[in-house]
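Comments concern the structure below.
All of these numbers come straight from a predicted model, not from anything done at the bench. In what follows, chains are A, B, ... by sequence order, proteins preceding strands, each numbered from 1.
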Amino acid sequence: LEGDRVDESKTIRVLYFAMLREQRGCREEEVSTTANNAGELYQDLCNRHGLTATPSSLRLAINDEFKEWQEPLKHGDVVTFIPPVAGG
Amino acid sequence: MFRISHVPIQPQALRAELADPRAGALVVFEGWVRNLNEGRKVRSLEYEAHESMAVKVAERIIGEAIEKHGAYRIAAVHRSGHLQIGDLAVWVGVISKHRGAAFDACEDVINRIKVDLPIWKKEFYEDGDSGWVNCERCAAAAAGSGHSHHHPHSHA
């Protein structure tokens with residue numbers, strides 16, 4: 001499984017919305033990362049860009065489906081960190 | 001059917017889309033932009049949607065509601081972009097044979113939209129301040145931006 005190979009760098013497309021978009025200053029970016037799962041990727045992005053939302057306040061989607069933070073990442077995945085929603 | 005609309009929602013057109021000779025009931029929920037939230041006077045607001053995911057999530061919600069309540073069809077549209085007080089933010093219409101299924105399915109769909117649709121709302125207040133609803137407390141450091149108020153994490 002690709003997700004188990006710790007040293008391999010993958011390219012992930014990250015989408016930002018709302019508060020996170022404003023903090024990051026863009027709607028999306030391609031990220032080269034060795035993160036094994038989405039939680040590690042978020043920590044990586046916090047370190048790089050100073051995102052302030054705590055993981056416990058966010059949900060997560062991979063390829064437009066809600067997933068858990070431990071979900072392994074594959075090369076080419078589209079990851080969205082989802083701040084509390086307010087539709088309706 | 002679900003879509004995100006970047007222009008004003010047209011209820012009459014949606015109603016016509018749902019027309020069905022089998023249906024004895026249409027129940028509609030309209031969500032409007034109101035001028036007060038959490039005790040603060042709201043001047044206008046902005047919706048931002050993760051469109052591809054919102055469509056996917058909403059289609060699943062609609063499919064499950066049709067199945068669970070035995071409705072015939074459901075149409076829903078959510079706005080994105082800048083809205084003024086009184087504007088239509090979301091429209092949900094359900095048709096069914098009798099009214100009970102339509103009432104139940106309509107409430108189910110709007111409740112689940114509020115919990116799971118990746119759509120965010122930024123409010124612009126009369127006092128010139130602004131903030132993402134439900135989000136401001138998520139970021140400890142964001143408190144440094146001058147937001148002394150707070151928005152509870154409610155998913156009512």
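At least one donor-acceptor pair under 3.5 Å links the side chain of B:Trp120 to the backbone N or O of A:Pro83. When atom types are taken as modelled, the side chain of B:Asn134 and the backbone of A:Ala86 share no donor-acceptor pair closer than 3.5 angstrom. Remark: the backbone N or O of A:Gly87 is not paired with any side-chain donor or acceptor of B:His78 at under 3.5 angstrom.
In this structure, B:Ile4 is not a member of the same hydrophobic cluster as B:Trp91, with clusters built from ILVMFWY side-chain heavy atoms closer than 4.5 Å. B:Leu45 and B:Ile85 fall within the same hydrophobic cluster, defined by Ile, Leu, Val, Met, Phe, Trp and Tyr side-chain heavy atoms under 4.5 Å apart, directly or through other members. Cluster membership for B:Phe2 and B:Val77, using ILVMFWY side-chain heavy atoms within less than 4.5 angstrom, is not shared. Cluster annotation: B:Val28 and B:Leu88 are assigned to the same hydrophobic cluster (Ile/Leu/Val/Met/Phe/Trp/Tyr, side-chain heavy-atom contacts under 4.5 Å, transitive). A single hydrophobic cluster is seen to contain both B:Ile62 and B:Phe29, as judged by linkage of ILVMFWY side chains at heavy-atom distances under 4.5 Å, directly or through other members.
Here the side chains of A:Val85 and B:Lys114 are not in contact, with every heavy-atom distance at 4.5 Å or above. Side-chain contact between B:Met53 and A:Leu15 is absent, with no heavy atoms from C-beta onward closer than 4.5 Å.
The CD1 atom of B:Ile119 sits 11.5 Å away from the CD1 atom of A:Ile82 when rounded to the nearest 0.5 Å. The line from CZ of A:Phe17 to CD of B:Glu48 is 6.5 Å long, rounded to the nearest 0.5 Å.
Of the two parts of B:Ala49, only the backbone, made up of N, CA, C and O, holds a non-hydrogen atom closer than 4.5 Å to a non-hydrogen atom of chain A. No part of B:Val55 comes within reach of chain A, as not one of its non-hydrogen atoms sits under 4.5 angstrom from that chain. Of the atoms belonging to B:Ile110, it is side-chain heavy atoms, and not backbone ones, that fall under 4.5 Å from chain A. Heavy atoms of A:Thr80 lying under 4.5 Å from chain B belong exclusively to its side chain. Of the atoms belonging to B:Arg79, not a single heavy atom falls under 4.5 Å from chain A.
Heavy-atom pairs under 4.5 Å with chain A were tallied for B:Ser52, B:Gly31, B:Pro118; the largest tally goes to B:Ser52.
Within 6.0 Å of the CD atom in A:Glu68, the count of heavy atoms belonging to other residues, nucleotides or ligands does not exceed 12. For CD of B:Glu51, the number of neighbouring non-hydrogen atoms (other residues, nucleotides, ligands) closer than 6.0 Å is greater than 12. Around NZ of B:Lys56, the count of heavy atoms belonging to other residues, nucleotides or ligands within 6.0 Å exceeds 12. When the shell of 6.0 Å around CZ of B:Phe124 is examined, it contains more than 12 heavy atoms from other residues, nucleotides or ligands.
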